Amino acid sequence: MSTPDANPPAGHQVSDEDLATIAAQLGREPRGVIEISYRTPDGVPAVVKTAPRLPDGTPFPTLYYLTDPRLTAEASRQESAGVMKEMTARLAVDDELAASYRRAHESFLAERDAIESLGTDFSGGGMPDRVKCLHVLIAHSLAKGPGVNPLGDEAVALAAAHGLRGSAVPDDWPDLAVDAAGDGQ
């Protein structure tokens, strides 16, 4: 029996077993799943790519959706700990970070619009001006890999540091940069 790839290629067919796993993770039937965009190191679906329009026609601008309960709990923990507020404050004073975050937003929109344009510039997670949902940012970073979404990358690094490295987060996910005071940046 082969082990599933951690990040299947674009167009990966979603199996009935994948859909059953995702349904169990979510506590409901998944809708509009196009592919598994990220699997945990043990091969469990953790991020799905979702159609921009659900089967019933409802617009769904959140292209990447986090499904793994460990990761969703960690995203909620970070949100409760004030990580979003700190990240949003940094966007206002760090031009390089803001530019990189804007590029992540533009990349997200281009990818979604290549599937189906919703006629909106809303991408998700608060991009490009604020941080509103770490679930979306973590999903985006895990789906695309490090280097695309700087704040999603940071949230994944925090998840890795909080005990999820090697289980829900890849072993080789980059650590947070540490400044002279020893705080994560």
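Counting begins at 1 with the first residue of the sequence. Keep in mind that this is a model prediction, so the values were computed, not measured.
Checking side-chain atoms of Ser37 against main-chain N and O of Val48 turns up no donor-acceptor pair under 3.5 Å. In terms of modelled atom types and a separation under 3.5 Å, the side chain of Ser117 and the main chain of Asp113 share no donor-acceptor contact. Between the Arg90 side chain and the Leu97 main chain, no donor and acceptor come within less than 3.5 Å of each other. Of the possible donor and acceptor atoms, one in the side chain of Asp153 sits under 3.5 Å from a partner among the backbone N and O of Gly147. Using modelled atom types, one side-chain atom of Gln78 and one backbone atom of Ala155 make a donor-acceptor pair closer than 3.5 Å. Between the side chain of Thr88 and the backbone N or O of Met84, at least one donor-acceptor pair lies under 3.5 Å.
Atoms CG and CG, on Leu134 and Leu151 in that order, are 8.5 Å from each other to the nearest 0.5 Å. Residue Arg53 holds its CZ atom at 12.5 Å from CD1 of Ile115, rounded to the nearest 0.5 Å.
For the side chain to side chain contact (heavy atoms under 4.5 Å, CB included) test, residues two or more places apart in sequence or in another chain that qualify with Leu164 are Arg70, Leu71, Glu74, Ala159, Ser167, Ala168, Val169. Remark: Ser80 pairs with no residue by the side chain to side chain contact (heavy atoms under 4.5 Å, CB included) rule, at least two apart or across chains.
Around the CG atom of Asp95, the shell of radius 6.0 Å holds no more than 12 heavy atoms that belong to other residues, nucleotides or ligands.
The pair Arg39-Asp18 counts as a salt bridge, with a side-chain nitrogen and a carboxylate oxygen less than 4.0 angstrom apart.
Under a hydrophobic-cluster definition in which Ile, Leu, Val, Met, Phe, Trp and Tyr are linked whenever side-chain heavy atoms come within less than 4.5 Å, directly or via other members, Met87 and Leu176 are assigned to the same cluster.
For residues 129-173, every residue pair satisfying the ring pair (Phe, Tyr, Trp, His ring centres under 6.0 Å) rule, not counting sequence neighbours, is listed here: Tyr64-His140, Phe108-His140. Applying the salt bridge (charged side-chain N to carboxylate O under 4.0 Å, His left out) test to pairs two or more places apart or on separate chains, those with a residue in residues 118-129 are Arg102-Asp129. Among pairs with a residue in residues 71-105, none fulfils ring pair (Phe, Tyr, Trp, His ring centres under 6.0 Å), at least two apart in sequence or across chains.
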Can you give the donor-acceptor pairs under 3.5 Å from side chains of residues 19-34 to other protein atoms, not counting sequence neighbours?
| residue | atom | partner | partner atom | Å |
| --- | --- | --- | --- | --- |
| Thr21 | OG1 | Glu17 | O | 3.0 |
| Gln25 | OE1 | Thr67 | OG1 | 2.8 |
| Gln25 | NE2 | Pro45 | O | 2.8 |

